[in-house]
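The block underneath contains the structure these notes are about, expressed in structure tokens.
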2 protein chains.
Amino acid sequence: MYMVLSKEFERRLNLLYNVMERHGLEAVYIVNTVNMMYFTGLNYLQTERPAAIVIRRNGEIYFLGPLLERDHVLTQTRLITKVYTYRDYPGETHPIELFANWFKELHLDQAKIGYDSTPGYISYWGYRGPSLTELLPNATFVNIADEIYAMRLIKSDVEINLLKESAKWANLAHSLLQDYTAPGLYDYEVSLRASLDASLMMKKALGPSYKPLRSEYPVYAGFRGQVGEHSAYPHSISVERPIRIGDVLVTGATADIYGYMAELERNLFVGKPTNEIIKYHKIALKLQDVALNTLRPGVKASDVDKAVINAAKELGVIDYLLHHSGHGLGLETHEAPFLDIGDNTVLRPGMVITVEPGIYIPGLGGFRHSDTVVVREDGIEVITYYPRDTDSLIVEV
Amino acid sequence: MYMVLSKEFERRLNLLYNVMERHGLEAVYIVNTVNMMYFTGLNYLQTERPAAIVIRRNGEIYFLGPLLERDHVLTQTRLITKVYTYRDYPGETHPIELFANWFKELHLDQAKIGYDSTPGYISYWGYRGPSLTELLPNATFVNIADEIYAMRLIKSDVEINLLKESAKWANLAHSLLQDYTAPGLYDYEVSLRASLDASLMMKKALGPSYKPLRSEYPVYAGFRGQVGEHSAYPHSISVERPIRIGDVLVTGATADIYGYMAELERNLFVGKPTNEIIKYHKIALKLQDVALNTLRPGVKASDVDKAVINAAKELGVIDYLLHHSGHGLGLETHEAPFLDIGDNTVLRPGMVITVEPGIYIPGLGGFRHSDTVVVREDGIEVITYYPRDTDSLIVEV
């Protein structure tokens, strides 16, 4: 895996060096953990302990963070050239003051430095602290968040292949989820069993060098509380009761391939669905088709959402359409662009986007499928491929 | 559960009304999801979609957020008096502009308003947007983060009882984790099985009204990649290989009782431990004893860490002591105070703190137990109670 990615990291770092060149930056200070992973493959488990990577124009990359990551960092990436650690947060000397000292030691205290989020550290789990701008008054700090975001927006072939590999194992997990679903079971019972069995099969298939990067286990499938009438809440978290005959379920499945996780979501129907359920399911499929048929390079993200909104009006379900039609994804679960009436980003080859308009009928359930789509030169490629017709999604009871 | 908590919410809101009184605030604007949960029991699944609750001096509480939460909010809490929603983010009109309009509608646009994090929304998953300070130039915004944090620092009897209930189910899950651990298995295999079985038993015991608040399933036990030589990385995330005879493991277990999750961590030893392993385990236990014996009301948090550091020097393991001795916890996984040489908070009754000094021997493994401790008037109460002696933690092979 690392061999495949080493050229990819080179590509990304070269893009960053171009940005540094453009702004005359001597170094870039990165505290967003997703950006750390994007440029080096490092997954920093975020806590209140401040951490950063500093990418220097001469190719050196430093990790600044807590002592407990000292040895771990070097097992995760070969790109870090030096590790600076403090004992712990808050510490006798505040970690950001130590960061400032290390900047001096590195002769970066009078330099022009780009940053991705804040020239300090983000408020998390009770973190408080100063900014490097106060501690290094002779340095100049330049926000380059948008430029890093623009890089991440267009996925390379390597990234797209990782997402396709993810889609495959998500499909396995989702198959098991459907197989294991039965009335009388709690949603997490089905979810944990499907996730476990799919994880073991995936690990056996991918072999000794594979491990998940962002997650504790390789593959997940589940319901997140979207069971029966609770599936009408798009962000239900948990539900008190077991699955019953007649329930509409909304699922989700993904697998972690070096941090890339495709999104696959479907309805499942426990027992023979009623005519009402079949009706709404067919409408949800139509809305998704409208989005898929609109989405192509050169079109604006907002155009896709507008087409869905118009279709929902025509089909008489506009009051049930509770969110926009999709979002970008990559190393982060949601990223730009958003298939939203307010996002006028022009879609370009290499963007990866979920397509998932949903309608939610109070008391009955939610109707939503999510597929992961790559924008290509000549159209789109849908990389998730689980069956979507009503009959295929019925759980026999 | 809700009945128990309704008085607790009253208590917390009264503390907040006192703060509002003191500062002459007409309302408080809360975007930190943990604070939302603290004051109302609402768990907002955070995404790039901005959301806030506004608590008004007259007792009204508004939810401002995306349409997809409209109905869900009211199933989670009875305290919200009105729900304001926008279609989605980014939207044709930016959600924060709509928030500003609602403030006008509510005659809060010229008021003095407290806030907990930012008078806008926090950068998350690609969110970008303005601050209410720009959009409501006639309102005055006052940061009351520290005062809310101070409330959360001292736990009520209700909160402590929830944590004790959590410790009980964490103990069950941890027992199963030890039972199920065997050489040849992957850590997540053991983890998912133990979590599933403990979750089902917990649900059967607590009955139809129980559901987890912060989590998708009731109880978790696992290793998070801390297997064998990887257990020497305190924040290992995953590991490529299965568990083997001779491995040192570091575990973690917790259960979700209305969002309160006690922390229980232990070592497990796969097969008869070597003398070296026994030696380091006994040292780790001694360090934890030093912390537990120092911790009492009136003592500073830093004193506990200092005592551990001194003991580690005497015992010749100071180079292996990779982090401070513990952290507060409550609705958040880590909270103040920190048992850290730099935190001079005086410990007071009602504080809940993990005690978990750890030593990490490269190539061999990590040695750490974490117990959850309540500071009482007359000393401390350790609420996690899994066995801690070496013999009890051996997995027979």
Side-chain angles (χ1 to χ4, degrees), chain A residues 43 45 47-48 66-72 75 87-92 117 123 125-126 149 186 188-189 191-193 195-196 199-200 203 208-213 215-217 222 224-225 232-241 322-324 332-336 338 340-343 362, chain B residues 43 45 47-48 66-72 75 87-92 117 123 125-126 149 186 188-189 191-193 195-196 199-200 203 208-213 215-217 222 224-225 232-241 322-324 332-336 338 340-343 362:
Chain A
N43 184 12
L45 186 69
T47 68
E48 70 284 357
L67 180 60
L68 62 84
E69 291 289 8
R70 184 189 58 203
D71 305 326
H72 187 219
T75 70
R87 181 170 177 264
D88 212 329
Y89 171 85
E92 283 184 299
S117 308
S123 180
W125 280 1
Y149 223 69
Y186 288 98
Y188 47 81
E189 188 170 355
S191 169
L192 290 174
R193 281 185 189 152
S195 301
L196 170 57
S199 288
L200 290 175
K203 174 63 184 168
S209 73
Y210 169 76
K211 66 170 185 173
L213 179 64
S215 327
E216 198 172 327
Y217 50 95
R224 211 195 49 221
Y233 312 129
H235 283 182
S236 179
I237 293 164
S238 60
V239 59
E240 291 91 343
R241 69 167 181 82
L322 295 191
H323 54 72
H324 56 213
E332 215 151 16
T333 309
H334 291 199
E335 292 183 1
F338 297 98
D340 182 282
I341 199 161
D343 187 340
Chain B
N43 184 13
L45 186 68
T47 68
E48 70 285 355
L67 181 59
L68 63 84
E69 291 288 10
R70 185 190 56 203
D71 305 326
H72 188 219
T75 70
R87 179 169 179 266
D88 212 329
Y89 171 85
E92 283 184 300
S117 308
S123 179
W125 281 0
Y149 224 68
Y186 288 100
Y188 48 81
E189 188 169 354
S191 169
L192 291 173
R193 283 186 187 152
S195 301
L196 170 57
S199 288
L200 290 175
K203 173 64 183 167
S209 73
Y210 169 76
K211 68 170 184 173
L213 180 64
S215 327
E216 200 173 319
Y217 49 95
R224 212 196 47 220
Y233 311 129
H235 282 184
S236 181
I237 293 163
S238 61
V239 58
E240 291 91 342
R241 67 166 181 85
L322 295 192
H323 54 73
H324 56 213
E332 215 151 17
T333 309
H334 291 198
E335 291 183 1
F338 297 99
D340 183 282
I341 198 161
D343 188 338

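A note on names: the letters A, B, ... follow the listed sequences, proteins ahead of strands, and every chain is numbered from 1.
The distance from the CG atom of B:L322 to the CG atom of A:L67 is 4.5 Å, given to the nearest 0.5 Å.
In this structure, the portions of A:Y217 lying under 4.5 Å from any heavy atom of chain B include both its backbone and its side chain. For chain B, no part of A:P66 is nearby; none of its heavy atoms comes within less than 4.5 Å. For B:S215, the part lying near chain A is the backbone, with the side chain staying farther off; criterion is any non-hydrogen pair under 4.5 Å. For chain B, the nearby parts of A:E92 are the backbone and the side chain; heavy atoms of each come within less than 4.5 Å. For A:T47, the part lying near chain B is the side chain, with the backbone staying farther off; criterion is any non-hydrogen pair under 4.5 Å.
Contact check for B:Y188 versus A:L200: side-chain heavy atoms found under the 4.5 Å cut-off. Contact check for B:Y233 versus A:D71: side-chain heavy atoms found under the 4.5 Å cut-off. Side-chain contact between B:I341 and A:R87 is present, with at least one heavy-atom pair separated by less than 4.5 Å.
Listed by chain and number, the residues in a side-chain contact (heavy atoms from CB on, under 4.5 Å) with B:E240 are A:K203, A:K211, B:H230 (sequence neighbours excluded). A search for side-chain contact (heavy atoms from CB on, under 4.5 Å) contacts involving A:E216 returns B:S191, B:Y220, B:R224, not counting sequence neighbours.
Between chain A and the residues B:A336, B:P362, B:P212, the most heavy-atom pairs under 4.5 angstrom are made by B:P212. Options A:H72, A:E332, A:E69 differ in how many heavy-atom pairs under 4.5 Å they form with chain B, and the most are formed by A:H72. Ranking A:R70, A:E335, A:H334 against chain B, the residue ahead of the rest is A:H334, based on heavy-atom pairs under 4.5 Å.
Taking each heavy atom of B:P90 and A:D343 in turn, the nearest pair found is CG-CB, 3.9 Å.
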